[in-house]
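Structure first, then comments.
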There are 2 protein chains.
Amino acid sequence: MDRGLASVMAETSKPPLAKRYHHGDLERALLAAGRRLLERDGLTALSMRGLAREAGVSATAPYHHFKDHAALLYAIGREGSADLAAALRDARDTHPYGRDQMIAVSVAYVEFALANPGMYQLMSDTTRLRDSVPPEDDPEGAIPRLIGQAFSGALPPTHDDVDRRLRNALIWATLRGLVDVAQFRFADPLKDLLGSERAFLEAVLDRIPMAREA
Amino acid sequence: MDRGLASVMAETSKPPLAKRYHHGDLERALLAAGRRLLERDGLTALSMRGLAREAGVSATAPYHHFKDHAALLYAIGREGSADLAAALRDARDTHPYGRDQMIAVSVAYVEFALANPGMYQLMSDTTRLRDSVPPEDDPEGAIPRLIGQAFSGALPPTHDDVDRRLRNALIWATLRGLVDVAQFRFADPLKDLLGSERAFLEAVLDRIPMAREA
DNA sequence: TGTACATCAGTGAACGCGCGTTCACTGATGTAC
DNA sequence: TGTACATCAGTGAACGCGCGTTCACTGATGTAC
């Protein structure tokens, strides 16, 4: 259904821009198919052949758009990074004030990971291997920056730069770990008790004490 | 070398117990080979065939000891859980007092994960799929318990059970996230500055404020 | 406007790989008499 | 003590699978004249 809609749209908008070879469409379709695979069947399902199959195209067609498997993963990971950055910006803009903003941005981060586990895993793998990746226009850079800004608005300023960076490390760890913990069984009764997953996340984040000192 | 030692020991102790078919040795050798593979080449290298190759045995021999691939992963994951639990117990016993103990146990957890990344990944996967695993003598249960005890000794008691569980969730998240964060590039200068990875971990954990309130 | 040409996205066959798993077997060992 | 037997750990061939990647190709499209 989602796919039907997409292809109808693709057919409807025949001359999308001035330059119109018979280019472009498959690449977008492949990226969309890749994200569908990623969320439906997980990171291991995101193979070149699986991608071609999902897009209804021959097994080798994707090679005209992605040099190899790693390039495909990289391209899709970039899309995920852009989406996450957008979600964080949105949370920031709708919650303009210190502590409230910090929690909103954090919740947005964790909720993105929970809603897109395959993408989050891909992004994490890419992050871990980051050194072997062209850092030129590194879109991942935006995410730590957004989070750092949200927290620095909520925390008391510190003269000690090392202390500041250690606090940032702790905050990063908390967010990343919360993604795991929210998926554990033992969190289920707490979510029920508090009424929703989001309430659970907010309650946990509310116990980050550095923010309390603000 | 490790392997040489093990096989020498195995040969030396010929009649290890009363009952002595030609049993037992390969299973231990396979588990050892599996752990070697896991740390040397990562979780994806831990295949039935790779295991047999590493142990110098035919590709199908492991099937006499592990029903299938999942059973192999499960068995090796159990060993990892036992090791981690032992490391946590050791940290607890050598640091008997509240806050000091909490940090020592936490550091032991993170250091285990950093020193055994393949095993930690396997254990995490197993944990995530825990519901589909026989919970009878679940050795994983010991790890949350040890961590929970270490923290409850360092934190002020709370009357509110929900509050206590939310704090536990935050602590869990911090530990698991710290495993990631300690591997990020941006942690490297902090490790250098503080003199060691352990010092970095302790410094971050020292900023968990709930412990400060104790 | 019409035709020849160049471009290049997409095809389909083929390669070699490692995997999990099955099956009938072999051979060393322990047990029963 | 000696022999026949049962057990069962380990073997080797074989299966079907999905993968990444190459290669020569085809065919639709845009461009040049």
Side-chain angles (χ1 to χ4, degrees), chain A residues 7 10-11 13-34 37-38 40-77 118 122 125 129 132, chain B residues 7 10-11 13-34 36-38 40-77 118 122 125 129:
Chain A
S7 61
E11 280 153 22
S13 61
K14 275 176 194 166
L17 274 176
K19 203 162 62 158
R20 172 106 168 77
Y21 274 67
H22 59 122
H23 288 170
D25 272 315
L26 183 57
E27 175 152 354
R28 280 196 355 249
L30 288 172
L31 288 169
L37 273 175
L38 200 51
R40 194 202 311 135
D41 304 319
L43 182 51
T44 60
L46 190 50
S47 63
M48 290 300 258
R49 298 185 94 110
L51 180 74
R53 212 181 303 124
E54 176 73 19
V57 97
S58 81
T60 57
Y63 282 89
H64 288 279
H65 300 277
F66 306 103
K67 179 179 144 286
D68 55 20
H69 187 222
L72 168 68
L73 296 183
Y74 183 67
I76 294 192
L122 170 59
D125 288 2
L129 305 172
S132 61
Chain B
S7 60
E11 279 154 21
S13 61
K14 275 174 192 167
L17 276 176
K19 203 164 61 160
R20 171 106 171 74
Y21 272 66
H22 59 121
H23 289 169
D25 273 314
L26 183 57
E27 176 152 353
R28 278 192 2 244
L30 287 172
L31 288 169
R36 236 179 293 137
L37 274 174
L38 199 51
R40 193 203 310 137
D41 305 318
L43 182 51
T44 59
L46 190 51
S47 64
M48 290 300 257
R49 297 184 93 109
L51 181 75
R53 212 181 302 124
E54 175 73 18
V57 97
S58 81
T60 56
Y63 282 89
H64 288 278
H65 299 277
F66 305 104
K67 180 176 144 285
D68 55 21
H69 188 222
L72 168 68
L73 296 182
Y74 182 66
I76 293 192
L122 171 59
D125 289 3
L129 307 172

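Every chain is numbered from 1, with letters handed out A, B, ... down the list of sequences.
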Please table the atom pairs, donor to acceptor, closer than 3.5 Å between any side-chain atom in residues 40-52 of chain B and protein atoms at least two apart or in another chain.
{"unit_1": "R40(B)", "atom_1": "NH1", "unit_2": "E54(B)", "atom_2": "OE1", "d": "3.4"}
{"unit_1": "R40(B)", "atom_1": "NH2", "unit_2": "E54(B)", "atom_2": "OE1", "d": "3.1"}
{"unit_1": "R40(B)", "atom_1": "NH2", "unit_2": "E54(B)", "atom_2": "OE2", "d": "2.8"}
{"unit_1": "S47(B)", "atom_1": "OG", "unit_2": "G50(B)", "atom_2": "N", "d": "2.8"}

From [X] atom [atom1] to [Y] atom [atom2], the distance as rounded to the nearest 0.5 Å:
X	Y	atom1	atom2	answer
L72(A)	Y63(A)	CG	OH	9.5 Å
H64(B)	L30(B)	NE2	CG	11.0 Å
L31(A)	L38(A)	CG	CG	11.5 Å

Next item on the list: Treat a base pair as Watson-Crick or G-U wobble with both distances under 3.5 Å, then lay out DNA chain C in dot-bracket form, 5' to 3', with | for cross-strand pairs.
Entry: .||||||||||||||||||||||||||||||||
For [X] and [Y], work out which heavy atoms get closest and say how close.
X	Y	result
G77(B)	L122(B)	N-CD2, 3.7 Å
A71(A)	F66(A)	O-CD2, 4.3 Å
A61(B)	L26(B)	CB-CD2, 4.2 Å

Notebook entry, point to check: What is the distance from CG of D25(A) to C1' of dG10(C), rounded to the nearest Å?
Noted result: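 Going from D25(A) (CG) to dG10(C) (C1'), I get 13 Å.
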Notebook entry, point to check: Which letter, B, S or -, goes with each nucleotide of nucleotides 18-26 of chain C from 5' to 3', with contact meaning a protein heavy atom under 4.0 Å?
Noted result: -BBBB----
Margin query: Of the options dT11(D), dG10(C), dG10(D), whose atoms approach the side-chain atoms of H65(B) most closely?
Written below: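 Shortest atom-to-atom distance from the side chain points to dG10(D).
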